**Student:** 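Here you go, one structure.
Residue numbering restarts at 1 for every chain, and letters A, B, ... go by the order of the sequence lines. Quantities reported herein were computed from a predicted structural model and do not represent experimental measurements.
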Protein chains: 2
Amino acid sequence: MDSINIKKLAKELGISTSTVSRAFRGNSDINKETKERILKRASELSYQPNHHASNLREQKSKTIAVVVPELANNFFAQAIKGIEQVSREKGYHVLILATEDDYSKEVSFISHLHNGKADGVIMSVSGEANDHTYLNRFSQKKIPLVFFDRVYEDIDTAKVTTNDYDSSYAATEHLIKRGCKKIAYLVVNKSLSIGKTRMLGYEDALKRHKVAIDDQLIIDCSNDHKKNYKLLKEAFHTLKPDGVFASVERLAFATYYVCQDEGIRIPNDMKVISFSSLEIAPLLNPSLTTITQPAFEMGIRAAKLLFKSLEQGPTAHVNEHVILNSRIFRRDSSADKI
Amino acid sequence: MDSINIKKLAKELGISTSTVSRAFRGNSDINKETKERILKRASELSYQPNHHASNLREQKSKTIAVVVPELANNFFAQAIKGIEQVSREKGYHVLILATEDDYSKEVSFISHLHNGKADGVIMSVSGEANDHTYLNRFSQKKIPLVFFDRVYEDIDTAKVTTNDYDSSYAATEHLIKRGCKKIAYLVVNKSLSIGKTRMLGYEDALKRHKVAIDDQLIIDCSNDHKKNYKLLKEAFHTLKPDGVFASVERLAFATYYVCQDEGIRIPNDMKVISFSSLEIAPLLNPSLTTITQPAFEMGIRAAKLLFKSLEQGPTAHVNEHVILNSRIFRRDSSADKI
DNA sequence: TTGTATGCGTTATCAT
DNA sequence: ATGATAACGCATACAA
């Protein structure tokens with residue numbers, strides 16, 4: 001081994017390893033000059049305390065894991081940015097884990113976090129399954145967990161979500177007021193909390209305005225673009241909806257592709273509104289009316305909840321539920337006509 | 001401590017820690033039944049070998065770090081997906097670090113990787129600075145480094161890029177053939193390798209077709225959307241280009257926003273082509289002609305190069321340069337007219 | 001203020 | 001096939 005470590009550095013400087021160690025820890029008493037001398041030489045030799053040795057000794061990793069369904073999505077990218085900002089301030093690292101909406105990966109990730117790799121977890125679930133018991137094992141380990149956006153309702157832990165019911169109600173009402181009579185609701189997994197809550201807002205808005213609920217118009221899609229395309233093409237032809245409320249961004253895109261190919265004019269023939277964090281929604285053809293969640297802020301709040309739990313120690317149990325408001329941006333896709 | 005570790009598990013089973021350890025390592029000799037008995041009990045107690053202890057003992061982290069300028073970008077999201085796929089196959093974790101195009105963060109990240117957190121690094125540089133010497137210190141540590149897409153040319157290491165010169169030449173030629181006489185080149189940092197290479201392709205295509213090069217039409221932008229918007233608005237008014245070649249996606253967006261607000265019609269008044277990995281380029285208004293890089297494949301190749309280096313050991317030096325081809329998708333933004 | 005000694009949880013070596 | 005033990009690099013309790 002030709003690499004540097006605390007012993008060699010100590011020997012070089014003619015002092016003990018404890019003193020060197022102290023120079024790198026904020027707390028301990030140490031002579032200021034000694035400290036400077038140590039840090040200077042350490043920097044020259046590009047010495048840094050070994051991460052694994054420190055973590056082993058201190059029994060913590062100063063790392064939080066963030067589990068999300070996907071990375072190629074503005075919502076999650078922004079949320080992660082928020083999480084990273086808070087974590088950095090606290091001196092923590094962020095380990096990002098993307099499940100690609102694969103439940104088995106989610107379980108695998110979480111299971112492998114038991115071994116000290118992370119001190120806490122922030123997660124937006126993939127939601128493809130019903131068995132969440134693996135998370136109970138998790139909480140036994142006293143590793144705090146915070147859900148954001150896509151949560152498992154049956155797990156009692158801290159959560160950060162948006163006012164999904166209200167904004168879905170408002171979105172549906174928006175379409176109704178623009179004259180839509182047959183509004184389709186596009187969802188990826190209607191059994192998942194978020195799809196369910198948003199559907200409830202949709203249904204209640206219909207009821208309130210005495211528009212009949214047609215189960216056929218609730219279209220259960222997948223994460224596979226081609227399948228969705230087929231499904232929607234078929235549905236649009238047979239059901240001829242005059243409005244579409246997409247509970248996730250990708251379904252709005254699928255809708256646009258189908259309409260483009262099938263000559264369905266948005267908004268003249270069909271109006272569209274969608275949950276979306278896309279920054280270029282105004283540049284789409286036509287510009288897309290969106291319900292936009294405060295993704296960055298959600299990341300910040302989730303991280304703060306996690307650190308609150310971390311700071312309170314293993315005895316406490318933080319299970320606050322923070323609810324932030326989304327905002328509707330009205331654009332051409334739901335305009336009267338163009 | 002009420003948590004489980006190898007000693008407790010060993011005592012429980014009435015065997016030694018060595019045997020338990022062997023049950024978790026693929027290699028060592030161990031009785032099949034003993035192994036099963038250990039793994040069964042371990043699973044019940046949800047024991048897993050401590051990550052930090054293992055890493056300390058083995059002097060490696062089984063982790064590769066990926067440093068990218070940003071996350072909210074399809075190109076990087078897809079590249080990371082490729083990197084993760086290869087890494088998973090090799091049993092490695094991926095630590096994602098986003099610099100937010102901040103050079104100081106880049107240096108900080110890399111510097112803090114000296115301490116064993118990662119066995120190797122894959123990086124797309126922020127490129128805001130000229131001093132890359134901090135990376136030399138890095139190579140002394142024998143931690144292999146692979147660049148992808150945005151590279152520092154003066155650092156001798158493995159690289160994965162695309163045929164930027166050729167595709168830029170082709171992109172420019174495409175605009176010329178569609179009748180553009182005053183083609184602006186939008187770049188974020190023209191001193192960075194990638195901006196430079198792409199500019200070269202642009203300039204050579206102009207020369208080849210005897211179109212005068214006007215330095216004013218080479219517009220050096222930033223990562224700040226508002227500043228870019230102002231800059232481009234000003235430039236479009238004074239210079240009145242009839243074509244725009246954006247070297248990065250976000251500048252195409254800025255261009256669209258300016259044109260939308262200023263009533264400049266794309267493609268009738270001005271044609272646009274841009275490097276972009278955006279999946280919904282066909283849905284823009286008008287649909288955007290793109291030069292699209294094989295992001296996922298680039299990630300895979302970069303990871304493969306890194307593992308090649310990792311497997312060859314610290315003596316070897318892998319400095320292959322893999323060049324993949326981008327593809328041009330012609331859409332309405334560069335059409336004759338609409 | 002600094003040094004000595006111990007242990008964090010694991011794995012490899014060596015012995016049995 | 002299994003067990004005892006040392007060592008990985010560091011941080012702290014305790015001693016000086």
**Student:** Say whether A:Ser61 and A:Asp119, considering side chains only, have a donor N or O and an acceptor N or O under 3.5 Å apart.
**Tutor:**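 There is such a pair (donor and acceptor under 3.5 Å, judged by atom type) between the side chains of A:Ser61 and A:Asp119.
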**Student:** So that I can tick it off, tell me whether B:Glu44 and B:Arg41 are bridged by a salt bridge, with the cut-off set at under 4.0 angstrom between side-chain N and carboxylate O.
**Tutor:**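 Yes, B:Arg41 and B:Glu44 are salt-bridged.
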**Student:** So which nucleotide from C:dT10, C:dT2, D:dA11 ends up closest to the side chain of B:Pro49?
**Tutor:**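 Nearest to the side chain of B:Pro49 among the choices is C:dT10.
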**Student:** Hey, does A:Ser54 reach any base, or is it just sugar-phosphate, or nothing, if we go heavy atoms under 4.0 Å?
**Tutor:**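 Touches sugar-phosphate only.
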**Student:** Roughly how many Å is it from NE2 in A:His52 to C1' in D:dC8, rounded to a whole number?
**Tutor:**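 Atom NE2 in A:His52 sits about 11 Å away from atom C1' in D:dC8.
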**Student:** Tell me which nucleotide among C:dA12, D:dT2, C:dT1 gets nearest to the side chain of B:Thr34.
**Tutor:**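 Looking only at heavy atoms from C-beta outward on B:Thr34, the closest nucleotide is D:dT2.
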**Student:** Please report, rounded to the nearest Å, how far the P atom of D:dA15 is from the CG atom of A:Asp29.
**Tutor:**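 Value for this atom pair: 17 Å.
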**Student:** To the nearest angstrom, how far is B:Asn55 atom CG from D:dC10 atom P?
**Tutor:**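 So the two atoms are 14 Å apart, to the nearest Å.
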**Student:** Nearest whole Å is fine: how far is D:dA11 P from A:Gln59 CD?
**Tutor:**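 Value for this atom pair: 13 Å.
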**Student:** Tell me if the aromatic rings of B:Tyr47 and B:Phe24 count as close, with their centers under 6.0 Å from one another.
**Tutor:**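 They qualify: ring centres under 6.0 Å apart.
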**Student:** Starting at atom CD of B:Glu58, determine the distance to atom C1' of C:dG9, rounded to an integer number of angstrom.
**Tutor:**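 Rounded to whole Å, this separation is 12 Å.
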**Student:** Counting just side-chain N and O atoms, does B:Lys32 come under 4.0 Å of either OP1 or OP2 of D:dA1?
**Tutor:**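 False: B:Lys32 side-chain N/O out of range (4.0 Å or more) of D:dA1 OP1/OP2.
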**Student:** Between A:His317 and A:Asp156, is there a side-chain donor-acceptor contact under 3.5 Å, judged purely by atom types and distance?
**Tutor:**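 Present: a donor and an acceptor within the cut-off.
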**Student:** Considering heavy-atom distances to DNA chain D, does B:Thr19 or B:Leu56 have its closest nucleotide positioned more toward the 5' end?
**Tutor:**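 The answer here is B:Thr19.
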**Student:** Does B:Ser18 get its side chain close enough to the base of D:dA4, under 3.5 Å, for a donor-acceptor pair?
**Tutor:**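 Under the 3.5 Å cut-off, the side chain and the base do form a donor-acceptor pair.
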**Student:** Is it the case that the base of D:dG3 and the side chain of B:Arg22 share a donor-acceptor contact (distance under 3.5 Å, atom types as modelled)?
**Tutor:**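 Flag set: donor-acceptor pair detected.
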**Student:** Please state whether the phosphate of D:dG3, meaning OP1 or OP2, lies under 4.0 angstrom from any side-chain nitrogen or oxygen of B:Ser16.
**Tutor:**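 Yes, such a contact exists.
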**Student:** What nucleotide, of D:dC10, D:dA1, C:dT10, holds the atom closest to the side chain of A:Ala53?
**Tutor:**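 Among the listed nucleotides, the one closest to the side chain of A:Ala53 is D:dC10.
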**Student:** Looking at the side chain of A:Ile30, which of C:dT2, D:dT2, D:dA11 is the nearest nucleotide?
**Tutor:**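 Nearest to the side chain of A:Ile30 among the choices is C:dT2.
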**Student:** Rounded to whole angstroms, how far apart are NE2 on B:His51 and C1' on D:dG9?
**Tutor:**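 One finds 16 Å between C1' of D:dG9 and NE2 of B:His51, rounded.
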**Student:** Are B:Arg25 and B:Glu58 ion-paired here, with the side-chain N under 4.0 Å from a carboxylate O?
**Tutor:**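 Salt bridge flag = yes for B:Glu58 with B:Arg25.
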**Student:** Starting at CG of A:Asn50 and ending at P of D:dA7, how long is that distance when rounded to a whole Å?
**Tutor:**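 Taking CG of A:Asn50 and P of D:dA7, I get 18 Å after rounding.
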**Student:** Contact class for B:Phe24 (heavy atom, under 4.0 Å): base, sugar-phosphate, or nothing?
**Tutor:**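 Counting heavy atoms under 4.0 Å across all strands, no contact is made by B:Phe24.
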**Student:** Round to a whole Å and report the spacing from CG of B:Asn5 to C1' of C:dC8.
**Tutor:**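 Atom-to-atom, B:Asn5 to C:dC8, this comes out as 10 Å.
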